[in-house]
Amino acid sequence: MALSRVCWARSAVWGSAVTPGHFVTRRLQLGRSGLAWGAPRLFDLPCRSSKLHLSPKADVKNLMSYVVTKTKAINGKYHRFLGRHFPRFYVLYTIFMKGIISIPPFANYLVFLLMYLFPRQLLIRHFWTPKQQTDFLDIYHAFRKQSHPEIISYLEKVIPFISDAGLRWRLTDLCTKIQRGTHPAIHDILALRECFSNHPLGMNQLQALHVKALSRAMLLTSYLPPPLLRHRLKTHTTVIHQLDKALAKLGIGQLTAQEVKSACYLRGLNSTHIGEDRCRTWLGEWLQISCSLKEAELSLLLHNVVLLSTNYLGTRR
């Protein structure tokens with residue numbers, strides 16, 4: 001009896017020790033074959049894996065479309081920024097980029113098409129046809145001519161701040177003549193040299209809006225800070241003043257008809273519709289004024305772009 005109990009206890013102990021191990025091993029084997037333990041979780045895995053597999057694709061597509069949209073927007077802003085603030089550099093940059101675009105096969109045909117459709121923006125002046133030169137120069141002159149009335153109004157606003165009564169009267173008379181369509185005489189302009197050498201019309205005393213209007217009249221960007229605009233205007237006017245001195249020594253008679261017209265256009269006159277003789281006469285007046293000015297009086301030469309060109313031979317429109 002006691003022996004049977006001992007055997008039964010041993011078998012119970014061994015059974016408790018062996019049977020669970022055998023059961024676990026069996027379940028693991030069946031689980032691996034997909035028939036028993038863990039099968040529900042294996043069936044769940046495709047659903048979860050499909051979600052984890054499909055969602056990233058949709059997210060990547062959305063992310064890529066967002067990046068492309070943002071890149072296009074930033075690229076557009078970058079091109080507009082270069083076009084407004086650095087027009088000359090933008091022309092070179094555009095030509096260089098079109099050279100890169102034309103490297104792939106057949107891409108050069110697209111470049112030619114763009115140049116044909118947008119010659120004023122993509123081609124330099126030497127590649128314009130004679131008709132295009134006339135039309136495009138008219139467009140550019142129309143841009144700078146829009147600032148002429150604004151500049152005259154700024155001159156009128158500073159008249160009360162001129163201390164000398166005689167100079168106040170002369171500047172008022174000059175502004176009135178220009179507004180009435182009269183071309184001023186050389187002595188009318190040179191008589192105001194003192195006004196433009198110091199306050200309030202000296203180069204360093206001009207107001208910000210006045211400087212912006214003068215920049216547009218010179219076909220320069222007007223979106224820079226006023227100190228930079230003033231510096232650019234001063235540099236640009238100094239270069240023209242030095243060219244005037246060299247041109248005066250050379251003589252206008254040594255220039256060809258095209259060179260005379262180009263020199264007049266650079267100094268503010270729309271010479272595309274004016275004869276050669278009249279262009280030479282106007283350029284002679286400009287040189288007479290320019291060569292009479294000192295470096296401290298270059299503000300008058302800058303304003304001369306408006307004063308001397310607005311009403312010359314009925315050019316005012």
Side-chain angles (χ1 to χ4, degrees), residues 83-88 120 125 136-159 171 174-184 188-189 192-193 195-197 200-244 261-274 279 282-283 285-287 289-290 293 297-317:
R84 288 196 304 263
H85 300 285
F86 307 99
R88 295 182 180 178
R120 183 169 63 87
R125 181 176 176 179
F136 296 163
L137 291 179
D138 285 341
I139 292 174
Y140 288 129
H141 183 73
F143 289 155
R144 64 184 180 184
K145 197 172 181 65
Q146 291 175 356
S147 62
H148 288 190
E150 187 178 357
I151 294 173
I152 298 299
S153 66
Y154 287 137
L155 292 178
E156 290 180 323
K157 290 179 181 178
V158 302
I159 289 176
L171 184 55
L174 180 63
C175 293
T176 302
K177 286 182 178 179
I178 293 176
Q179 289 173 338
R180 291 178 178 176
T182 303
H183 180 66
D188 292 333
I189 296 176
L192 296 169
R193 296 168 58 174
C195 293
F196 291 87
S197 61
L201 293 173
M203 191 71 76
N204 296 326
Q205 287 79 31
L206 296 175
Q207 298 296 318
L209 294 177
H210 196 163
V211 171
K212 289 179 179 294
L214 288 170
S215 298
R216 292 192 296 271
M218 297 295 291
L219 292 179
L220 300 175
T221 179
S222 60
Y223 297 98
L224 297 176
L228 292 180
L229 291 178
R230 187 177 288 108
H231 174 73
R232 289 190 65 188
L233 284 175
K234 187 175 182 179
T235 302
H236 197 72
T237 309
T238 301
V239 171
I240 292 179
H241 190 224
Q242 293 174 351
L243 290 175
D244 291 341
K261 286 182 174 290
S262 298
C264 291
Y265 192 90
L266 174 66
R267 291 158 176 81
L269 181 69
N270 187 10
S271 55
T272 56
H273 303 286
I274 303 177
C279 287
W282 185 89
L283 186 58
E285 294 180 2
W286 173 280
L287 293 180
I289 295 174
S290 178
L293 299 178
E297 302 167 341
L298 290 184
S299 179
L300 178 57
L301 184 63
L302 177 60
H303 285 80
N304 206 36
V305 172
V306 178
L307 300 177
L308 197 65
S309 64
T310 301
N311 302 316
Y312 182 67
L313 296 176
T315 56
R316 183 178 183 181
R317 297 172 185 173

*Taking the side chain as every heavy atom from C-beta outward, state whether L298 and K234 have any atom pair closer than 4.5 Å.*
no
*List the atom of L224, the atom of L229, and the distance in Å for their closest heavy-atom pair.*
O-CD1, 3.3 Å
*Closest heavy-atom contact between L308 and H183?*
O-CE1, 3.0 Å
*asked:* So does S271 get a backbone contact from the side chain of K261, meaning a donor-acceptor N/O pair under 3.5 Å?
replied: yes
_Is any side-chain heavy atom of L155 closer than 4.5 Å to one of F196?_
yes
*Once the angle between the rings of H141 and H148 is folded into 0 to 90°, is it parallel (under 30°), tilted (30 to 60°) or perpendicular (over 60°)?*
perpendicular
*When rounded to the nearest 0.5 angstrom, what distance separates CG in L174 from CG in L192?*
6.0 Å
_Determine whether L269 and L283 satisfy the following criterion, side-chain contact (heavy atoms from CB on, under 4.5 Å), listing intermediate values before the conclusion._
CA-CA 9 Å; L269 181 69; L283 186 58; over 6 Å; no
*Any side-chain heavy atom of P184 sitting closer than 4.5 Å to one from I189?*
yes
*Crowding at CD, Q207 (>12 non-hydrogen neighbours, <6.0 Å)*: no
*Do the side chain of S215 and the main chain of S222 share a donor and acceptor less than 3.5 angstrom apart?*
no
*Spatial distance of atom CD1 (I240) from atom CG (L266) [nearest 0.5 Å]*: 4.5 Å
*asked:* So, taking the atom named CD1 in I178 and the one named CD1 in I152, what distance separates them when rounded to the nearest 0.5 Å?
replied: 4.0 Å
*Any chance you could measure M203, atom CE, to H231, atom NE2, to the nearest 0.5 Å?*
11.5 Å
*Can you name the closest pair of heavy atoms from S147 and R216 and give their distance?*
OG-C, 4.1 Å
*Output the distance between atom CZ (R232) and atom OG1 (T237), rounded to the nearest 0.5 Å.*
11.5 Å
_Listed partners of R267 passing salt bridge (Lys or Arg N to Asp or Glu O under 4.0 Å), at least two apart_ = D244
_Is any side-chain heavy atom of E156 closer than 4.5 Å to one of Q179?_
yes
*Could you note down all residue pairs passing ring-ring contact (aromatic ring centres under 6.0 Å, His included) where residues 203-222 supplies at least one of them, sequence neighbours left out?*
Y154-H210, H210-H303
*Determine the minimum heavy-atom distance between K177 and N311, stating which atoms define it.*
O-ND2, 4.2 Å
*Considering non-hydrogen atoms only, spot the tightest contact between V305 and A217 and give its length.*
CG1-O, 4.1 Å
*Any donor-acceptor pair under 3.5 Å from S299 side chain to L201 backbone*: yes
*Write down the atom of M218, the atom of L302, and the distance for their closest heavy-atom approach.*
CG-CD1, 3.8 Å
*When rounded to the nearest 0.5 angstrom, what is the spacing between OG1 in T238 and CG in L233?*
10.5 Å
*S290 side chain to W286 main-chain N or O, any donor-acceptor pair under 3.5 Å?*
no
